[in-house]
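Note: hydrogens, waters and symmetry copies are ignored here, and every other heavy atom, side chains too, is used. Lettering follows sequence order; numbering is per chain, from 1. Fair warning: this is a prediction, and the values are worked out from it, not measured in the lab.
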Number of protein chains: 2
Amino acid sequence: MELIGGRWRGAIMASLCGSPKRFVELKSDLHPITSRVLTKELRYLEQNKLIIVEYGNGAKNAVCYAHSEHGKSCAPVILQLREWAVKHRKLMLETLRTEH
Amino acid sequence: MELIGGRWRGAIMASLCGSPKRFVELKSDLHPITSRVLTKELRYLEQNKLIIVEYGNGAKNAVCYAHSEHGKSCAPVILQLREWAVKHRKLMLETLRTEH
DNA sequence: CTGCATCCAATTCGATACTG
DNA sequence: CAGTATCGAATTGGATGCAG
């Protein structure tokens with residue numbers, strides 16, 4: 001749970017399931033995350049080999065984040081988890097309504 | 001992630017996958033968790049309808065914790081997550097070794 | 001754009017001791 | 001057995017501002 005727990009790590013991995021993303025793309029995807037936190041979490045995921053970082057071609061400020069080969073293997077797990085969470089939320093909202 | 005994140009919630013759900021358990025059973029299963037934390041997490045999971053609590057037959061101190069009907073639906077997710085985590089750990093240990 | 005520095009509030013979690 | 005009470009350390013993450 002340490003790997004993908006916390007408020008952001010799972011969300012970051014989920015956001016990268018589709019395609020590689022730039023820093024700003026992630027930032028707006030995960031809004032309202034702050035730069036400080038996003039940076040930290042990306043470094044953590046990089047150290048743990050779940051993502052890889054490509055520093056831009058040329059001297060541009062173009063950095064790209066993507067699932068590593070190994071990070072891809074967790075995509076199905078993350079997506080299944082999300083599906084379950086959505087179902088769960090529905091159920092919780094229903095029981096809230098029927099309790100009145 | 002809030003539901004099963006943190007150090008213990010996922011582990012508790014995993015521990016209850018097999019069969020209902022008593023407080024002490026969970027406590028030793030999840031060793032070194034403390035009573036204080038286990039109590040808190042169980043209350044949280046109860047409030048979120050992932051587990052149900054059966055207070056003992058008679059006046060005995062016999063309380064039983066089990067997956068709720070809905071909690072059962074997350075068992076496959078939890079177990080898949082665990083499998084993936086095990087694989088991940090293996091891979092990380094290997095790369096540690098080959099780095100020397 | 002991509003990030004680091006500083007500061008700070010809230011939360012989490014653990015140790016320990018105690019109760020009916 | 002199944003918790004509660006108290007205390008404190010450590011971590012997390014948010015706000016804001018600055019830099020190359």
Side-chain angles (χ1 to χ4, degrees), chain A residues 1-16 18-48 50-68 71 78 81 85, chain B residues 1-16 18-48 50-68 71 78 81 85:
Chain A
M1 293 312 308
E2 191 187 321
L3 285 166
I4 58 162
R7 180 163 172 191
W8 301 113
R9 305 220 256 256
I12 292 173
M13 291 306 285
S15 171
L16 289 178
S19 62
K21 297 231 169 101
R22 304 281 305 278
F23 191 87
V24 259
E25 291 181 297
L26 282 171
K27 193 156 151 49
S28 66
D29 236 46
L30 303 174
H31 183 270
I33 198 175
T34 64
S35 300
R36 177 189 180 281
V37 175
L38 181 54
T39 301
K40 249 190 167 173
E41 302 297 22
L42 287 171
R43 295 290 168 269
Y44 175 89
L45 292 171
E46 188 187 5
Q47 272 175 32
N48 285 271
L50 292 183
I51 64 173
I52 53 181
V53 185
E54 280 168 39
Y55 296 93
N57 12 336
K60 293 297 192 181
N61 281 341
V63 186
C64 212
Y65 298 91
H67 279 184
S68 68
I78 295 263
L81 192 55
Chain B
M1 292 313 307
E2 191 187 320
L3 285 166
I4 59 161
R7 181 162 173 191
W8 300 114
R9 305 220 255 258
I12 292 172
M13 291 306 284
S15 171
L16 289 177
S19 62
K21 296 232 169 101
R22 305 282 302 278
F23 189 86
V24 260
E25 292 181 298
L26 282 171
K27 193 156 153 42
S28 64
D29 237 45
L30 304 174
H31 183 268
I33 198 174
T34 63
S35 300
R36 179 187 178 282
V37 175
L38 181 53
T39 302
K40 252 192 167 170
E41 302 297 21
L42 287 170
R43 294 289 169 269
Y44 175 89
L45 292 171
E46 188 188 5
Q47 274 176 30
N48 285 271
L50 292 183
I51 63 172
I52 52 180
V53 186
E54 280 167 38
Y55 295 93
N57 14 335
K60 291 298 189 179
N61 280 343
V63 185
C64 214
Y65 297 91
H67 279 184
S68 67
I78 296 264
L81 192 54

_Heavy-atom side-chain proximity of B/R9 to B/L3 below 4.5 angstrom_ = no
*asked:* Just so I know, are the side chains of A/L50 and A/I12 near enough to count as touching, which here means a heavy-atom distance under 4.5 Å?
replied: no
*asked:* Nearest to the side chain of B/F23, heavy atoms from C-beta on, is which of C/dC1, D/dG3, C/dG14?
replied: D/dG3
*Under 4.0 angstrom, heavy atoms only, what part of the nucleic acid is B/E41 near: base, sugar-phosphate, or nothing?*
sugar-phosphate
*Tell me, do A/E25 and A/D29 make a side-chain contact under 4.5 Å, heavy atoms counted?*
no
*Which whole-number value in Å describes the distance from A/M1 CE to D/dT12 C1'?*
16 Å
_In this structure, how many angstroms lie between the P atom of D/dA2 and the CG atom of B/D29, rounded?_
14 Å
_I need the CG-P distance between A/N61 and D/dG20, as an integer number of Å._
12 Å
_Nucleotide D/dT12, atom P - distance to CZ of A/R9 in whole Å_ = 7 Å
*The side chain of A/Y65 lies closest to which of these nucleotides: C/dA15, C/dG3, C/dC13?*
C/dG3
*Which heavy atom of B/G5 sits nearest a heavy atom of A/M1, and at what distance?*
CA-CE, 3.9 Å
*What's the CG-P distance between B/L38 and C/dG14, to the nearest Å?*
11 Å
*Take the protein atom CD1 of B/I51 and the nucleotide atom P of D/dA2, then report the distance between them rounded to whole Å.*
13 Å
_Heavy-atom donor-acceptor pair, B/R36 side-chain to D/dG3 base, under 3.5 Å_ = no
_Interatomic distance, B/E2 CD vs D/dG13 C1' [rounded to whole Å]_ = 14 Å
_5' precedence on DNA chain D between A/R7 and B/K40 (nearest-nucleotide basis)_ = B/K40
*Closer than 4.0 Å, any side-chain N/O of B/R43 to the OP1 or OP2 of D/dG3?*
yes
_Regarding A/S35, tell me which of base, sugar-phosphate or nothing describes its non-hydrogen contacts under 4.0 Å with the strands shown._
base
*Could you pull out the closest heavy-atom pair between B/E46 and B/I51, with the gap in Å?*
N-CG1, 3.6 Å
_Value in whole Å for how far the P atom of D/dG3 lies from CZ of B/R22_ = 10 Å
